[in-house]
Amino acid sequence: MQNNGDIPDLEKGERFLNTLENEIRREEQVAKRDRVEFLSRPLPDRVQSGWSLSPVSLQRSKEDPKLLELHTDLSKSRYREGDVLRIHTTFIDDVDGFDATIVWEGSDYLLICPETSPDAVLSSAGILTADPGYLNLTNYYLSALEDCGATTVGRELILPMLVGELQLELEGHLYDEALDEAEVKGLNEAQADAFASCVACSHAYYVQGPPGTGKTRVLAEVVRTLVERGERVWVSALTHRAINHALSAVKKTSPHTKLARITDEKNEVPPGIDVYGFIHKSPLADEAGGYAIGATPFVGMTSRLRDWECDTLLIDEASQVTLPLALMAMLKAKRILLFGDDQQLPPIQVSCPLAKCSELSILNRIPLSDMHTRLNVTYRMHPDLCEWPSRQFYDSELQSHSSTATQPTPFSDLPNRCFWVRSFSIKQEVESITRTVLKLLSDGARPPDTIAVLTPFRSHARKIRNALRAQNLQVRVDTVERMQGQECEFVLFALGIEDTKRVLTLADFIFHPQKLNVAITRAKSGVILFAHPVLLQTKMFGVPGTQQRIWQDLFTTAKDLNI
């Protein structure tokens, strides 16, 4: 351990923990204040916002009696799968109310999974309302901070790493052996370096995976190799979807690698991967050799992983994970590997402006110096699509693989790959999207799953989805956040803005650069932008103005399209 300053290690660590504690408590205070303020509004105002649903009716699902169908007017709903609702009769703290997770979103009802018995509410004659649920993890965060200062792994590994006083190294012979193995497996130069560095690093390493560069493949090879070496590996991420995606890649790469998901049985798990509620109830608990589990960081502070430790913690989609959340898992590991991209979506914190949320990501809180590899060849984007994000976000280092050059254009009669459809109202935008989807599918050779319609707003996504369903068009429509880590041939990006006031009000949310990067880089072959000119013409200043200029730069590369 190196002490490069005049302040003792312990004092630096304590100051760092105090800073984190202040951040955690501020986040709790702002979240509580916002919740109280929201729930104090009249019910019609809450419903108009899209964050309250009323009146709602409930009935047992015929397919699965553990689930409930929630029927209501969803035209303004801003909810999506994975969100938590509080179902109650008269007020939010109704003792007969219950929390429920949305497991499926239909056009006219939601399928929800109750956290506790809903019987009292189901038998109630009162009018039912669904408001946003609230999960307060503050005590868990504070417990993790306390453990950082009190445990050996916290004092000797985590805190020195966080304050930049831990010597991070690569073992040369392990690196060379892994590099030879990577080349045999056909990994490109950057992928091979990332793989070998993860296998050979002493304490921590960061693999930056820009869109389509094979981050998940490298991750899978790293997990396989570490498990074969006899290690216990914990694959974690902010969302269950990301964990499942990573484990599926490991399973595909190495079908015989021992894998398990540690989670509630209600959560979806990939085929062929066993699921257990608790590690001690799985056969892996007595396993002498290596294996890998998948679980969210939060599980590290619960009985699901009681008295369990791992050799390596691997956090995927790390740009979305805050340091306090990551600590819940880091306390159980000897080494931390971070996979993600700091140019993609950041954590969301209500106490922090969106433009600064990236600073709270674990990727920006651990000083990794040169313990970092950026993958630089995308196997997804056509070269014409790759040029703009490469220049804006990746220092012009991101290049398209030669195999992408033959990908089809959106329209056979036009050579371009990035278009702008000008819309002057929300209604017109939805109609234009419908016509565009019909045109893209008109020759019958292109299946609907090659198209994704993305938007920043859940309510706008619902309008578009309903319009497409009315035409019997089964095309994916979703928010940008839920599309991170996925890809498709063509992306239709609909901004859902029609007046200057809304641009000014939502500037921080709309013009977030990482959101734009994620949206357009889901596409392999073409991007079609749908936006009112007011989006680019409204004069913005400060940070929003700087961010708006990035959008303006993109739109200057797009060809006008009349549809």
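Sequential numbering from 1 along the given sequence is applied to the chain's residues.
Between Leu313 and Ala333 the shortest heavy-atom distance is CB-CB, 3.6 Å. In plain terms, the two heavy atoms of Leu554 and Cys418 that are nearest each other are CD1-SG, 4.4 Å. Between Trp234 and Cys310, the shortest heavy-atom contact is CB-SG, 4.0 Å. The nearest pair of heavy atoms linking Leu536 to Gln552 is O-NE2, 2.8 Å. A pairwise comparison of heavy atoms in Val491 and Ala519 identifies CG1-O, 3.6 Å as the closest pair. Counting all heavy atoms, side chain and backbone alike, Thr312 lies closest to Glu231 at OG1-OE1, 2.7 Å.
The backbone N or O of Gln428 sits nowhere less than 3.5 Å from a side-chain atom of Ser423 that would complete a donor-acceptor pair. The backbone N or O of Thr521 sits nowhere less than 3.5 Å from a side-chain atom of Glu487 that would complete a donor-acceptor pair. One N or O on the side chain of Gln484 and one on the backbone of Leu345 form a donor-acceptor pair closer than 3.5 Å. Side-chain atoms of Thr479 do not come within 3.5 Å of backbone N or O of Arg458 as any donor-acceptor pair. Arg422 contributes no side-chain N or O that, together with a main-chain N or O of Pro533, makes up a donor-acceptor pair within less than 3.5 Å. The closest donor-acceptor contact from the side chain of Arg462 to the backbone of Leu74 lies under 3.5 Å. Judged by distance alone, the side chain of Glu429 and the main-chain N or O of Gly496 form a donor-acceptor pair under 3.5 Å. In terms of modelled atom types and a separation under 3.5 Å, the side chain of Arg26 and the main chain of Cys352 share no donor-acceptor contact. Judged purely by atom type and a 3.5 angstrom limit, Arg335 uses its side chain to pair as donor or acceptor with the backbone of Cys201. No donor-acceptor pair closer than 3.5 Å links the side chain of Arg417 to the backbone N or O of Leu385.
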Audit row: Glu181, Arg224, salt bridge (Lys or Arg N to Asp or Glu O under 4.0 Å) steps and yes/no: CA-CA 12 Å; Glu181 181 182 351; Arg224 175 194 60 78; 2.7 Å; yes

Working for side chain to side chain contact (heavy atoms under 4.5 Å, CB included), residues Glu171 and Ser202: CA-CA 7 Å; Glu171 293 190 40; Ser202 58; 5.9 Å; no

Ring pair (Phe, Tyr, Trp, His ring centres under 6.0 Å) between Phe490 and Phe419, intermediate numbers included: CA-CA 11 Å; Phe490 307 105; Phe419 298 90; 10.0 Å; no

Steps toward ring pair (Phe, Tyr, Trp, His ring centres under 6.0 Å) verdict (Trp420, Phe530): CA-CA 6 Å; Trp420 177 11; Phe530 296 81; over 10 Å; no

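Between Ile464 atom CD1 and Ser459 atom OG the span is 9.5 Å, to the nearest 0.5 Å. Rounding to the nearest 0.5 angstrom, the gap separating the CG atom in Leu495 from the CZ atom in Phe511 is 8.0 Å. To the nearest 0.5 Å, atoms CD (Glu221) and OG1 (Thr253) are separated by 5.0 Å. Here the CZ-SG distance, from Arg380 to Cys488, works out to 9.0 Å after rounding to the nearest 0.5 Å. Note that CG of Leu398 and CD of Glu387 are 11.0 Å apart. Values are rounded to the nearest 0.5 Å.
For Asn562, the CG atom sits in a loose shell: 12 or fewer heavy atoms of surrounding residues, nucleotides or ligands are nearer than 6.0 Å.
Judged purely by distance below 3.5 Å, without hydrogens or angles, the side chains of Thr505 and Arg502 never pair a donor atom with an acceptor atom. A donor and an acceptor atom, one from each side chain of Gln514 and Ser358, are located under 3.5 Å apart. Side chains of Ser425 and Glu498: no donor on one and acceptor on the other come within 3.5 Å. His245 and Glu317 form no side-chain donor-acceptor contact under 3.5 Å, judged by distance and modelled atom types alone. No side-chain N or O of Thr450 forms a donor-acceptor pair with one of Glu489 less than 3.5 Å apart.
Two residues are said to be in side-chain contact when any heavy atoms from C-beta on lie closer than 4.5 Å; Phe509 and Lys515 meet this criterion. No side-chain heavy atom of Asp449 sits under 4.5 Å from any side-chain heavy atom of Arg476. Pro346 places none of its side-chain heavy atoms less than 4.5 Å from the side chain of Ser361. Annotation: side chain of Lys501 is not in contact with side chain of Leu504 (no heavy-atom distance under 4.5 Å). Using a 4.5 Å cut-off on side-chain heavy atoms (C-beta onward), Gln399 and Cys386 make no contact. Considering only heavy atoms from C-beta on, Asp341 comes within 4.5 Å of Pro211 through its side chain.
Using a cutoff of 4.0 Å between basic side-chain nitrogens and carboxylate oxygens, Arg522 and Asp478 are not scored as salt-bridged.
Taking the salt bridge (Lys or Arg N to Asp or Glu O under 4.0 Å) definition, one finds that Arg241 meets it with nothing, sequence neighbours left out.
Ring geometry for Tyr206 versus His372: interplanar angle under 30°, hence parallel rather than tilted (30 to 60°).
For the side-chain contact (heavy atoms from CB on, under 4.5 Å) with Pro210, the lone residue among Glu397, Arg374, Lys215 that qualifies is Arg374. Checked options Asp553, Thr557, Asn517; the residue passing with Trp388 is Asp553 (criterion: side chain to side chain donor-acceptor pair (under 3.5 Å)).
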